[in-house]
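FYI, side chains are in, hydrogens and waters are out, and symmetry mates aren't considered; it's all heavy atoms of this structure. First the proteins, then the strands, lettered A, B, ... as listed; each starts at 1.
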Amino acid sequence: MKFQSVKGTRDFYPEMMRVRNWIADAWRRVSLRNGFEEYDAPIFEYLDLFTAKSGPEIAEQLFSFTDRGGRNLAIRPEITPSLARMVAAKVNSLPRPIKWFSVPRLCRAERPQRGRLREFFQWNVDVIGEPSVLADAECIFVLVDFLREVGLTPDDVQVRIGSRPLAVAAITAAGIGETGIDSALAVLDKRPKVDDGQFEKLCEGAGLSSQQIECICEFQDVEDLAELKKIPSLEKAADGIDDLVQLFEYVEAMGAGDYCRIDLRVVRGLAYYTGIVYEVFGEGESLRAVAGGGRYDRLLEVVGGPKVPATGFGMGDVVLEILLEEKGRLPAELRSRALDFFVIDGEDGIFETVLRVSGALRRAGFEADFSYKRQGVGKQLKTANRLGAAKVAIVRADGVSVKDLSSGKQVERTLEAFLADPRGL
RNA sequence: GUGGCUGUAGCUCAGUUGGUUAGAGCACCUGGUUGUGGUCCAGGGGGUCGGGGGUUCGAAUCCCCUCAGCCACCCCA
């Protein structure tokens with residue numbers, strides 16, 4: 001072949017497209033029933049929009065180019081900056097809370113590997129303009145609502161919830177100064193992913209003493225919120241603890257508690273999170289997180305807007321599909337195509353009637369198809385099977401036989417009656 | 001961006017110590033079983049053995065480069 005698809009991209013042949021649509025349809029269905037509205041943005045933006053949010057280093061991890069007018073542009077690696085830009089432009093005229101979702105196609109110039117490609121789709125759900133944990137709780141509920149919708153159980157996946165301010169308080173209480181907080185957070189983010197020995201090395205690299213590590217780990221290993229309140233050094237972070245307690249009450253009330261658990265080791269990678277943070281992991285799998293999110297109250301300011309609180313999450317299609325595949329949750333129907341009707345010539349010289357019947361079925365809303373070639377009934381039935389047809393309509397000069405291919409039962413109708421009402425039986 | 005493993009028809013693979021026109025199953029197409037099916041039978045298309053270069057009388061088979069995939073790092077918005 002002279003050309004191949006670009007590294008890290010996928011071709012969606014019909015059988016793959018069925019899976020992609022099944023996932024995206026579920027994303028949209030769940031978003032809408034939770035009261036969120038869909039939005040979208042351009043697939044490229046000014047490069048500065050992304051560097052403003054994530055720093056200049058990000059530039060080498062995305063696809064950027066200069067247009068003929070000399071503008072420095074980049075294909076979007078995430079949609080949150082676009083969302084912030086859009087909201088900032090109209091923030092005073094939008095009724096709050098702003099509950100929006102999107103299913104953008106994104107590109108990142110990273111090295112492809114399992115669960116990570118250079119082009120992918122990501123479901124984003126955000127609540128903007130609401131500072132209370134009710135908004136965080138609602139996002140988490142939407143997330144759980146989706147997991148349940150696609151058949152994933154609490155045994156399959158878990159939402160692990162942590163708190164950025166609590167982690168910062170614990171780090172501070174361990175005697176680490178302001179300048180060391182970010183590097184300490186970065187190290188803590190690694191803790192669930194490496195063994196104890198590697199973790200110690202990372203800590204040494206970040207300049208943490210063993211006493212400080214012990215102090216922080218003690219905090220991180222707490223699994224009961226009541227225990228948190230007993231830690232004297234966290235007195236100043238009482239609000240953060242109250243937020244977590246409140247969050248779990250909300251999530252519990254909405255019926256999503258069985259998927260959620262506290263996990264103070266979750267702090268998330270980048271620095272812009274300001275409150276509750278969470279990640280979704282498949283049980284028993286060493287796979288990367290299926291979804292992640294949290295509160296980011298300063299983002300709109302960063303893109304030049306007013307100070308407006310925000311919270312939300314993203315879920316990529318690549319890891320999700322692997323997880324669904326491994327858990328056997330992709331429906332068997334997706335394996336083959338489906339058709340409501342296949343229309344067959346029951347005798348010679350009536351092809352025009354086949355077209356009339358096919359047209360009537362299609363206008364009535366059925367997925368109907370017919371063969372381009374005139375051939376025997378037996379061959380056409382084989383074709384109908386191959387196309388996954390539920391029924392066939394065998395057309396003759398004076399009538400139509402409607403046959404159900406799974407039961408083999410056949411019903412006779414006059415041509416006139418069938419054309420007048422293809423749905424009747 | 002760094003390192004390791006892999007690369008033969010659309011898919012899963014076979015191909016003997018380098019030796020004549022590179023194979024199988026499935027899939028696809030055509031025809032037959034003479035016109036109500038998922039079976040079966042026959043035939044067919046499709047590969048410059050990922051690509052390029054080298055060693056050799058001769059390479060899918062050995063060497064180098066490159067591309068792509070997978071895995072581990074980096075990173076993870």
Side-chain angles (χ1 to χ4, degrees), chain A residues 1-11 13-15 45 49-55 57-62 74-84 104 106-118 120 122 124 126 186 189-190 193-194 198 202 267-273 277 279 286-294 296 299 302-303 312-316 318-319 322 336 342 344-349 371-396 400-410 412:
Chain A
M1 288 292 277
K2 190 172 182 182
F3 296 106
Q4 55 186 179
S5 59
V6 175
K7 177 204 273 270
T9 64
R10 290 170 289 179
D11 290 324
Y13 287 91
E15 59 180 15
E45 294 268 8
L49 177 66
F50 302 118
T51 54
K53 182 205 161 202
S54 304
E57 324 76 61
I58 198 75
E60 57 195 59
Q61 287 179 59
L62 41 77
I75 302 175
R76 61 188 181 189
E78 57 174 329
I79 201 172
T80 311
S82 305
L83 170 65
L106 307 176
C107 293
R108 297 177 184 174
E110 295 180 297
R111 182 122 183 191
Q113 53 186 280
R114 181 174 166 83
R116 179 199 272 184
L117 299 172
R118 288 187 164 186
F120 56 96
Q122 188 184 66
N124 282 75
D126 294 277
D189 185 48
K190 294 275 186 296
K193 298 160 190 167
V194 300
Q198 288 173 301
L202 284 170
V267 295
R268 300 285 288 156
L270 223 64
Y272 83 116
Y273 287 104
V277 289
E279 293 182 335
S286 57
L287 215 56
R288 62 187 66 248
V290 182
Y296 52 98
L299 182 61
V302 167
V303 299
F313 68 86
M315 174 187 286
V318 183
V319 176
I322 293 172
S336 60
F342 190 77
I344 292 175
D345 319 46
E347 53 193 60
D348 290 339
S371 175
Y372 280 10
K373 289 176 298 200
R374 310 318 347 133
Q375 50 189 8
V377 174
K379 273 282 195 286
Q380 293 187 77
L381 278 162
K382 283 185 185 180
T383 303
N385 271 313
R386 188 164 49 79
L387 298 182
K391 294 179 177 177
V392 292
I394 301 168
V395 178
R396 285 179 307 281
V400 176
S401 303
V402 177
K403 177 169 186 167
D404 184 307
L405 284 182
S406 57
S407 69
K409 286 182 182 169
Q410 194 162 315
E412 306 299 328

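Nucleotide B:G37 holds its C1' atom 13 Å from the CG atom of A:Asp404, rounded to whole Å. Taking atom CG of residue A:Leu117 and atom C1' of nucleotide B:C76, one finds them 14 Å apart after rounding to whole Å. In this structure, A:Tyr13 places its OH atom 20 Å from P of B:A27, rounding to the nearest Å. Rounded to an integer number of Å, the gap from CD of A:Gln380 to P of B:U36 is 11 Å. At whole-Å resolution of the value, CG in A:Leu381 and P in B:G35 are 13 Å apart. In this structure, A:Leu387 atom CG and B:C28 atom C1' are separated by 14 Å, rounded to whole Å. Look at CZ on A:Phe313: it is 15 Å from P on B:A77, rounded to the nearest Å. If you take CZ of A:Phe120 and P of B:C75, they are 18 Å apart, rounded to a whole angstrom.
When each of A:Ser407 and A:Arg386 is assigned the nucleotide of RNA chain B with its nearest heavy atom, A:Arg386 is the one assigned upstream, toward the 5' end. Comparing A:Tyr273 and A:Arg111 by the nucleotide of RNA chain B whose heavy atom lies nearest to each, the residue mapping closer to the 5' end is A:Arg111.
A:Ser401 and A:Glu412 are linked by a side-chain donor-acceptor pair at a separation below 3.5 angstrom, with hydrogens and angles left out of the test.
Listed nucleotides: B:G3, B:G37, B:C75. Nearest to the side chain of A:Lys403: B:G37. When distances are taken from the side chain of A:Gln113 to each of B:C70, B:A77, B:C74, the shortest belongs to B:C74. Closest contact between the side chain of A:Tyr272 and the listed nucleotides B:A77, B:G1, B:G37 involves B:A77. In the set B:G35, B:G4, B:A77, B:A77 carries the atom at the smallest distance from any side-chain atom of A:Lys53. Side-chain atoms of A:Gln4 lie closest to B:C67 of the nucleotides B:C76, B:C67, B:G32. Of the candidate nucleotides B:C75, B:G32, B:U36, B:G32 has the atom nearest to the side chain of A:Lys379. When each of B:U36, B:C71, B:G38 is scored by its nearest atom to the side-chain atoms of A:Ser401, the top-ranked nucleotide is B:U36. Closest to the side chain of A:Gln61, out of B:A77, B:G1, B:U33, is B:A77.
Of all nucleotides present, none satisfies the Watson-Crick or G-U wobble test against B:G47 with each distance under 3.5 Å. Searching all strands for a Watson-Crick or G-U wobble partner of B:U36 with both distances below 3.5 Å returns nothing. As the counterpart of B:U20, no nucleotide is assigned, since no Watson-Crick or G-U wobble pattern has both distances under 3.5 Å. In this structure, B:A68 forms a base pair with B:U6, meeting either the Watson-Crick or the G-U wobble geometry with both donor-acceptor distances under 3.5 Å. Taking a pair to require two hydrogen-bonding distances under 3.5 Å in either a Watson-Crick or a G-U wobble arrangement, B:G1 pairs with B:C73. Of all nucleotides present, only B:C41 satisfies the Watson-Crick or G-U wobble test against B:G31, with each distance under 3.5 Å.
Atom CD of A:Glu15 is surrounded by 12 or fewer heavy atoms from other residues, nucleotides or ligands within 6.0 Å.
Between B:G10 and B:C28, the two C1' atoms lie 8 Å apart (nearest whole Å). Rounded to a whole angstrom, the distance from the P atom of B:C5 to that of B:C65 is 13 Å. Only the C1' atoms considered, B:C62 is 34 Å distant from B:G45, to the nearest whole Å. Between B:G38 and B:U33, the two C1' atoms lie 16 Å apart (nearest whole Å). Atom C1' of B:U8 sits at a distance of 14 Å from the matching atom of B:G51, rounded to the whole Å. Of the P atoms belonging to B:C74 and B:U55, the separation is 43 Å, rounded to the nearest Å. Between B:G35 and B:G25, the distance separating the two C1' atoms is 31 Å to the nearest Å. Distance noted for atom P between B:G18 and B:A60: 13 Å (whole Å).
Using a 4.0 Å heavy-atom criterion, one finds that A:Gly408 contacts the bases of the nucleic acid, with or without backbone contacts as well. The residue A:Arg268 sits close only to the backbone: its heavy atoms come under 4.0 Å of sugar-phosphate atoms, none of a base. Residue-level contact check: A:Lys382 touches the bases, meaning some heavy atom is under 4.0 Å from a base atom. Here A:Gln410 lies in heavy-atom contact (under 4.0 Å) with a base. In this structure, A:Leu405 reaches the bases: a heavy-atom distance under 4.0 Å links it to at least one base atom across the strands shown. Using a 4.0 Å heavy-atom distance criterion, A:Gly8 is classed as a sugar-phosphate-only contact. Across all strands shown, A:Ile58 has heavy atoms under 4.0 Å from base atoms, whether or not it also approaches the sugar-phosphate.
Look at A:Arg114 and you won't find any side-chain N or O under 4.0 angstrom from OP1 or OP2 of B:C70.
Residues A:Glu110 and A:Arg118 are not paired through a salt bridge, judged by the lack of any N-O separation under 4.0 Å between the basic side chain and the carboxylate. Ion pairing between a basic and an acidic side chain is recognised when a charged N comes within 4.0 Å of a carboxylate O; A:Arg108 and A:Glu78 show no such pairing.
Between A:Glu45 and A:Ser82 the shortest side-chain heavy-atom distance falls below 4.5 Å. Proximity of A:Tyr296 to A:Thr80: side-chain heavy atoms (C-beta onward) are separated by under 4.5 Å at one or more points. Using a 4.5 Å heavy-atom cutoff, the side chains of A:Gln380 and A:Arg374 are in contact.
The minimum heavy-atom distance between A:Phe50 and A:Ile75, with the atom names listed, is CE1-O, 4.4 Å.
One can find a donor-acceptor pair under 3.5 Å joining the base of B:C75 and the side-chain atoms of A:Arg116.
Both the sub-6.0 Å distance and the 45° axial angle are not jointly satisfied by A:Lys391 relative to the ring of A:Phe342.
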